[in-house]
Amino acid sequence: MAGANGRHNKIAGNLFVKLHTAPRRSVRHPFMGDMRLRLSRGTTYYYPDVMLVCDPLDVDPLVKTQPCLVAEVTSPSTEATDRREKLAAYLAMPSPREYLILSHLEARVDLYQRSESNDGQWRYSCLRGDDVLPLSCLDLTRNVAELFTGVTFDPLDDDAAGQLDA
C-alpha cells in the first residue's frame with residue numbers, strides 16, 4: 001500500500017527476497033504490493049504486501065487469482081483489517097495454502113496453513129524469533145528472524161513510528 005514506512009518495507013522486502021531466491025522446484029512467481037489479487041467472488045480486490053503464485057495458468061499481467069501464499073505486514077492502520085477482513089477473505093479462497101501476518105511490532109509471524117489432508121481445515125501457529133517457519137507451498141523452511149533482518153523495533157525510531165502507515 002502506498003505510504004508504507006521503512007520498517008514495513010523491510011519486512012515485506014525480506015519475505016519477497018526469501019520467496020524469490022528459494023530453490024525452484026516448480027513454477028512460482030512472487031509479487032509485492034502493487035499486484036492486485038481478485039478474490040473468489042470476483043468483485044473484491046486486495047493488494048497483498050507479498051503473494052506467491054504457483055499456478056502456471058494464473059498469467060494475467062495485472063490481476064492474480066490463484067496465490068498459494070498470501071502475506072500481510074501489519075501497521076497501526078491496517079492490523080485490524082489484516083486480522084479480520086482479509087483473514088476471512090483469504091481463508092475462503094480455494095488456492096492459498098498459507099496466509100502469513102507479519103507483525104510491525106516484533107519479530108512475529110501468525111501463520112495460517114491449510115491442512116494437506118482432505119478436510120482442508122486451517123491450522124494456526126504463532127511463531128517468533130528463532131522458531132522455524134515451514135512454507136509448504138515451497139517445501140521450504142525459514143527462521144522467523146530472517147524475515148526481520150535489518151528491522152529495529154525501537155518505538156523512538158521515527159521511520160518505524162508509523163507516521164506513514166501502510
Side-chain angles (χ1 to χ4, degrees), residues 1-22 26-116 120-127 133-138 140 142 144 147-148 151 159-160 162-166:
M1 181 180 290
N5 67 33
R7 180 187 297 175
H8 185 280
N9 274 295
K10 286 177 186 175
I11 296 168
N14 286 345
L15 176 59
F16 176 83
V17 167
K18 297 298 180 191
L19 296 177
H20 184 68
T21 59
S26 62
V27 174
R28 61 174 176 72
H29 303 284
F31 296 97
M32 273 188 73
D34 290 336
M35 180 55 71
R36 195 162 53 158
L37 171 61
R38 186 177 72 224
L39 299 184
S40 303
R41 296 180 286 283
T43 59
T44 302
Y45 296 87
Y46 287 124
Y47 290 86
D49 290 316
V50 179
M51 74 174 140
L52 183 68
V53 175
C54 299
D55 185 336
L57 301 177
D58 197 354
V59 296
D60 187 307
L62 301 176
V63 178
K64 299 303 171 195
T65 60
Q66 300 296 315
C68 57
L69 180 149
V70 181
E72 298 286 358
V73 179
T74 65
S75 73
S77 64
T78 67
E79 186 162 13
T81 301
D82 295 338
R83 295 187 182 282
R84 289 195 289 260
E85 178 184 324
K86 290 183 179 181
L87 172 66
Y90 296 150
L91 271 53
M93 293 180 72
S95 66
R97 292 171 61 187
E98 282 137 343
Y99 175 45
L100 285 64
I101 302 175
L102 294 92
S103 176
H104 69 287
L105 298 173
E106 62 179 317
R108 172 184 159 178
V109 176
D110 291 306
L111 171 65
Y112 295 85
Q113 277 187 312
R114 191 182 306 264
S115 171
E116 293 185 24
Q121 294 295 311
W122 288 90
R123 294 183 311 260
Y124 168 78
S125 303
C126 179
L127 306 169
L133 172 65
L135 298 175
S136 65
C137 64
L138 289 175
L140 179 73
R142 287 287 180 233
V144 169
L147 302 179
F148 297 89
V151 176
D159 184 42
Q163 279 120 8
L164 296 174
D165 292 337

Worksheet item: Are the side chain of Ser103 and the backbone of Leu105 linked by a donor-acceptor contact shorter than 3.5 Å?
Response: yes
Worksheet entry | Arg84 atom CZ, over 12 foreign heavy atoms within 6.0 Å | no
Response to the item:
Rounded to the nearest 0.5 Å, the OG atom of Ser95 sits from the CZ atom of Arg114 at a distance of 7.5 Å
Practice prompt. Classify the side-chain pair His104/Thr74 by whether it contains a donor and acceptor separated by less than 3.5 Å.
Written response: yes
Discussion item. Can you list everything that forms a side chain to side chain donor-acceptor pair (under 3.5 Å) with Lys64? Sequence neighbours excluded, please.
Written reply: none
Worksheet item: Hey, mind stepping through Gln113 and Ser125 against side-chain contact (heavy atoms from CB on, under 4.5 Å) and telling me if it holds?
Response: CA-CA 8 Å; Gln113 277 187 312; Ser125 303; 5.6 Å; no
Worksheet item: Looking at Val151 and Lys10, what are the two nearest heavy atoms and their distance?
Response: CG2-CB, 3.8 Å
Worksheet item: Which atom names give the shortest non-hydrogen contact between Ser136 and Arg97, and what distance separates them?
Response: O-NH2, 3.2 Å
Discussion item. Please verify the inter-ring angle class for Phe31 with His29; under 30° counts as parallel, over 60° as perpendicular, anything in between as tilted.
Written reply: tilted
Item to complete: Report the distance from atom CG of Asn9 to atom CE of Met32, rounding to the nearest 0.5 Å.
Response: 6.0 Å
Worksheet item: Step by step, would you call Asp49 with Leu102 a side-chain contact (heavy atoms from CB on, under 4.5 Å)?
Response: CA-CA 10 Å; Asp49 290 316; Leu102 294 92; over 6 Å; no
Item to complete: Find the distance between CD1 (Ile11) and CZ (Phe148) and round it off to the nearest 0.5 Å.
Response: 5.0 Å
Discussion item. A side-chain contact here means heavy atoms from C-beta on lying under 4.5 Å apart; do Leu37 and Met93 qualify?
Written reply: yes
Worksheet item: Residues two or more places apart in sequence or in another chain: which of them pass ring pair (Phe, Tyr, Trp, His ring centres under 6.0 Å) with Tyr124?
Response: Tyr112
Discussion item. To the nearest 0.5 Å, what is the distance between OH on Tyr45 and CE on Met35?
Written reply: 13.0 Å
Fill in: Side-chain donor or acceptor of Asp82 paired with backbone N/O of Glu72 under 3.5 Å
no
Worksheet item: salt bridge (charged side-chain N to carboxylate O under 4.0 Å, His left out) with Glu85: which residues, sequence neighbours excluded?
Response: none
Item to complete: List the steps, then state whether side chain to side chain donor-acceptor pair (under 3.5 Å) holds for Thr81 with Thr78.
Response: CA-CA 5 Å; Thr81 301; Thr78 67; over 6 Å; no
Worksheet item: Under 3.5 Å, is there a donor-acceptor pair between the side chain of Arg28 and the main chain of Leu138?
Response: no
Response to the item:
dist Cys137:SG -> Leu19:CG (nearest 0.5 Å) comes out at 7.5 Å
Discussion item. If we ignore hydrogens and angles and just use 3.5 Å, is the side chain of His20 paired with the main-chain N or O of Pro30 as donor and acceptor?
Written reply: no
Worksheet, complete the sentence: When every non-hydrogen atom of Ala107 is compared with those of Val144, the smallest separation belongs to O-CG1, 4.0 Å
Worksheet item: side chain to side chain donor-acceptor pair (under 3.5 Å) with Arg83: which residues, sequence neighbours excluded?
Response: Glu79, Asp110
Fill in: Closest approach of Met51 to Pro67 (non-hydrogen atoms, all atoms of both residues)
SD-CB, 4.1 Å
Worksheet entry | Results of ring pair (Phe, Tyr, Trp, His ring centres under 6.0 Å) for Tyr90 - residues two or more places apart only | Tyr46, Tyr99
Side-chain donor-acceptor contacts of residues 55-62 below 3.5 Å, not counting sequence neighbours, with atom names and distances?
| unit_1 | atom_1 | unit_2 | atom_2 | d |
| --- | --- | --- | --- | --- |
| Asp55 | OD1 | Leu57 | N | 2.7 |
| Asp58 | OD1 | Thr65 | N | 3.3 |
| Asp58 | OD2 | Thr65 | N | 3.0 |
| Asp58 | OD2 | Gln66 | N | 2.7 |
| Asp60 | OD1 | Leu62 | N | 2.7 |
| Asp60 | OD1 | Val63 | N | 3.1 |

Worksheet entry | Spacing of Phe16 atom CZ and Leu147 atom CG [to the nearest 0.5 Å] | 14.0 Å
